[in-house]
Every structure is written in structure tokens, then in C-alpha cells.
2 protein chains.
Amino acid sequence: MNLKLQSFFPYQLAVLAETVSRAMAQVYAERFELSRDEWRVVAALYENGAMKTTDVIAQTTLDKMQVSRAVARLEHDGLLQRSEDSADRRNKVLRLLPAGQAQVARIVPLVQARVEFLLEALDADERRSLEALFGKLQSRATQLIRQG
Amino acid sequence: MNLKLQSFFPYQLAVLAETVSRAMAQVYAERFELSRDEWRVVAALYENGAMKTTDVIAQTTLDKMQVSRAVARLEHDGLLQRSEDSADRRNKVLRLLPAGQAQVARIVPLVQARVEFLLEALDADERRSLEALFGKLQSRATQLIRQG
DNA sequence: TATTGTTATACTCTATAACTATA
DNA sequence: TATAGTTATAGAGTATAACAATA
């Protein structure tokens with residue numbers, strides 16, 4: 001193994017993720033003024049319909065504070081609605097408003113086109129292989145963190 | 001393509017990179033109190049010996065402000081030495097001091113062991129393939145950013 | 001005029017925990 | 001007592017640009 005940053009796996013991964021993340025943020029942040037956390041929240045709601053805050057947290061890798069703040073801003077901007085869950089009044093149920101739906105509907109094809117552009121570089125085998133490699137690495141990295 | 005975050009490529013990549021990055025930071029940050037930027041600077045100097053600031057910038061994806069601040073703290077902590085370049089007195093030449101060398105020498109094997117643990121999940125073919133895939137994706141992502 | 005590196009400033013993110021309300 | 005969600009606050013990181021020294 002080589003410490004030279006350019007060939008050091010964690011460095012390559014960090015640089016690639018940062019680059020891809022910026023390429024996506026050029027769409028949802030620069031053109032649509034959403035933060036990354038706001039984008040994750042609306043993307044989850046767009047895909048799943050109404051969700052409880054706890055489920056959004058589970059699906060987005062955001063913590064409750066990040067979701068709370070993203071939701072407050074999205075509600076203020078009229079993109080989503082927050083309502084109580086009659087089954088357990090500690091929960092909040094989140095739902096995109098029409099303006100939010102429309103906003104996400106404008107963003108999604110642009111973001112998908114960018115992802116497609118990235119993945120065009122890979123054939124079907126390579127895409128499958130990438131997915132498998134990510135799965136293995138993710139599970140090992142999670143193990144490392146747990147061990148501390 | 002699927003917008004569902006869990007199967008959305010940029011999301012998987014961001015989560016993986018974040019996890020790996022934390023696993024590495026557990027070593028250099030929690031045990032050795034270096035920031036990510038400081039770690040990149042000392043790693044580059046450890047690998048290459050004395051370097052001009054501009055070369056550190058080129059090799060670390062950090063900008064001049066990040067390097068300037070990282071270097072100021074590393075110098076304050078007695079880990080590196082900053083001196084002038086007689087050929088062009090605008091440049092600063094950076095060099096690890098013995099204390100810095102020793103510090104990095106303690107960190108490197110721990111970090112390498114963690115990377116080895118991650119990559120153990122992959123056979124030789126898979127490692128090569130990962131490297132190739134990263135290269136293709138990085139070049140496409142950079143293209144996207146340039147286009148804006 | 002352009003480049004290297006430092007400093008200033010404002011802004012955003014993050015981490016931790018205290019707090020309110022419900023259960 | 002425990003959980004869902006909000007608020008407070010301090011610290012870290014980021015972005016932009018002004019600036020001094022040198023070329």
C-alpha cells in the first residue's frame with residue numbers, strides 16, 4: 001500500500017465523493033437554493049409520500065437536528081407541510097405541498113441526467129460491480145467506526 | 001434510474017466516503033489531534049520530503065488558505081518548519097521536523113491497517129476494477145463541474 | 001501586473017446537550 | 001422514565017476577498 005495521497009484509497013474516495021457531490025449541488029443548490037439536507041428531505045418525501053420525521057431520519061443519514069432545521073426552512077418556504085400524527089402526538093408527519101412537488105419534479109430530471117452522464121462511463125457489468133464493491137466497503141467501514 | 005436515496009449513486013457514494021473518512025479520522029484526529037487538512041499536509045510532506053506550499057496545494061486538493069492555516073498550526077506545534085526559497089522569495093518551503101516525522105510514523109501504520117481491513121473485502125481483480133472505476137467517474141464528475 | 005502566501009470576515013455546518021411535549 | 005422533536009450554543013470548517021511582499 002502507498003501513502004502517496006493520489007493513490008491512497010480513502011483520499012481518492014473523498015475527492016471523488018466531493019466532486020460528485022458538488023456536481024449535484026450545482027443543480028439543487030445553485031439553481032434551486034436548497035441545502036444538501038433540504039434536498040435529501042424533499043427527495044425522500046417525493047419518493048415516499050408523507051413520512052414521519054423519524055422515518056426521514058432513518059432514510060437520509062441525517063440526525064434529528066438536521067432534519068428539524070431543514071424542515072423548518074422548507075415549511076417557511078411553503079414547500080412542505082408539517083402535521084401531527086393522531087396515533088402518537090409526539091410525531092410530526094411531513095408531506096410535500098404542491099409547490100414542493102413541483103420544485104422536486106423540476107430538479108429530478110436534471111439530477112438524473114447528471115448521474116446518467118457519470119454512469120455512462122461504465123458498462124452494465126461495471127455498474128453491477130460498482131454497486132457490489134460499495135456494499136462490501138460500506139459494511140467494513142461501518143464495522144471500523146463501531147470498533148472505534 | 002431510481003431516486004430512492006438508498007439506491008441513488010451520489011448518495012451511496014457520499015455515505016461511503018463519509019463513513020470511510022470518519023474511520024480514518026478516528027486515528028489521526030481522535031488519537032493524534034490533527035485536522036483533516038493538517039493530516040493531508042503532513043502526509044504529503046512525509047511522502048515527498050520538503051515541498052513548496054504551491055506543490056502541497058497541487059497534491060492535496062486543499063486551497064492556499066487551508067494550507068496556510070494548517071501549516072501555521074503545525075509550525076506552532078513544532079511539527080514542521082517553514083523557510084524561504086532563495087530562488088523565489090515569495091515561496092515558502094515546508095519540511096517536517098523530527099517531531100513531525102515521528103508523529104506521522106506513528107499514524108501511518110494505524111491508518112494503513114484500517115485501509116487494509118477495508119480492502120480485504122476485495123480480491124485483487126476487484127481492487128483493480130475499483131481503481132479503474134474511480135478513475136472514470138472522477139474524470140466525468142470533473143467534467144460536469146467544469147460545465148457548471 | 002501577476003503570483004505567493006497571510007489575514008479578515010461572514011457564513012454555514014457540526015456536535016452536544018438542555019429543553020418541551022407526549023407516552 | 002423514555003421518546004420525538006425543538007432550541008441554544010460553541011466550535012469547526014468554508015468562501016470570498018482584501019492585503020503585503022515579491023516577481
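So that the names make sense, note that chain A is the first sequence line, chain B the second, and so on, each numbered from 1. Here the structure is a predicted model, which means the values were calculated and not measured.
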Participant: Taking only N and O in the side chain of B:Ser68, is any of them less than 4.0 Å away from OP1 or OP2 of C:dG5?
Facilitator: no
Participant: Taking CG from B:Leu62 and C1' from C:dG5, how many angstroms apart are they, rounded to a whole number?
Facilitator: 15 Å
Participant: Rounded to whole Å, please give me the gap between CG in A:Asp55 and C1' in D:dT3.
Facilitator: 14 Å
Participant: Nearest to the side chain of B:Arg90, which nucleotide is it out of C:dA23, C:dT14, C:dT4?
Facilitator: C:dT4
Participant: Without decimals, in angstroms, what is the distance between A:Glu18 CD and D:dG13 P?
Facilitator: 14 Å
Participant: Given atom NZ of B:Lys92 and atom C1' of C:dT7, what is their separation to the nearest angstrom?
Facilitator: 13 Å
Participant: Within less than 4.0 Å of OP1 or OP2 of D:dA15, is there a side-chain N or O belonging to A:Arg22?
Facilitator: yes
Participant: Taking 4.0 Å as the cut-off, does a side-chain nitrogen or oxygen of B:Gln66 come that near to OP1 or OP2 on D:dT14?
Facilitator: yes
Participant: Classify A:Lys64 by what it touches in the nucleic acid, base, sugar-phosphate, or nothing, heavy-atom distance under 4.0 Å.
Facilitator: base
Participant: Taking for each residue the nucleotide of DNA chain D bearing the nearest heavy atom, is the 5' side occupied by B:Glu84 or by A:Asn91?
Facilitator: A:Asn91
Participant: Please walk me through it: do A:Arg40 and A:Glu47 pass salt bridge (charged side-chain N to carboxylate O under 4.0 Å, His left out)?
Facilitator: CA-CA 11 Å; A:Arg40 287 194 182 170; A:Glu47 183 67 32; over 6 Å; no
Participant: Atom CD of B:Glu30 to atom C1' of C:dA15: distance rounded to whole Å?
Facilitator: 12 Å
Participant: Within this structure, what is the NZ-to-C1' distance between B:Lys52 and D:dT22, rounded to whole angstrom?
Facilitator: 14 Å
Participant: Out of C:dT22, C:dA15, D:dT22, which nucleotide sits closest to the side chain of A:Arg69?
Facilitator: C:dA15
Participant: Considering only NZ, NE, NH1 and NH2 on the basic side and carboxylate oxygens on the acidic side, decide whether B:Arg73 and B:Asp77 come within less than 4.0 Å.
Facilitator: yes
Participant: Take atom OH of B:Tyr28 and atom P of D:dA12, then tell me their distance rounded to the nearest Å.
Facilitator: 15 Å
Participant: Kindly say if B:Thr54 contacts the phosphate of C:dT4, meaning a side-chain N or O under 4.0 Å from OP1 or OP2.
Facilitator: no
Participant: Nearest whole angstrom, please: distance from the C1' of C:dT3 to the CG of B:Asp85.
Facilitator: 14 Å
Participant: Which nucleotide in the list C:dC13, C:dA15, C:dT6 gets nearest to the side chain of B:Arg82?
Facilitator: C:dT6
Participant: Is the ring pair A:Phe134/B:Phe134 parallel, tilted or perpendicular, if the boundaries are 30 and 60 degrees?
Facilitator: perpendicular
Participant: For a quick test of reading the model, state the closest non-hydrogen atom pair linking B:Leu80 to B:Leu97 and the distance between them.
Facilitator: O-CD1, 3.6 Å
Participant: Quick one: on DNA chain D, does A:Val71 or B:Asp88 contact a more 5' nucleotide (nearest heavy atom)?
Facilitator: A:Val71
Participant: Looking only at side-chain atoms of A:Arg36, point me to the closest of C:dT22, C:dT14, C:dT4.
Facilitator: C:dT14
Participant: Between D:dA15, C:dT4, C:dT22, which nucleotide gets closest to the side-chain atoms of A:Arg89?
Facilitator: C:dT22
Participant: Looking at every non-hydrogen atom in both residues, tell me the closest pair between A:Ser129 and B:Ser129 and how far apart they are.
Facilitator: OG-OG, 3.5 Å
Participant: Using the side-chain heavy atoms of A:Met65, tell me which of these nucleotides is nearest: D:dG5, C:dT4, D:dT7.
Facilitator: D:dT7
Participant: Does A:Asp63 reach a base, just sugar-phosphate, or nothing at all? Heavy atoms under 4.0 Å.
Facilitator: nothing
Participant: Which heavy-atom pair separates A:Met24 from A:Val111 by the least distance, and what is that distance?
Facilitator: SD-CG1, 4.0 Å
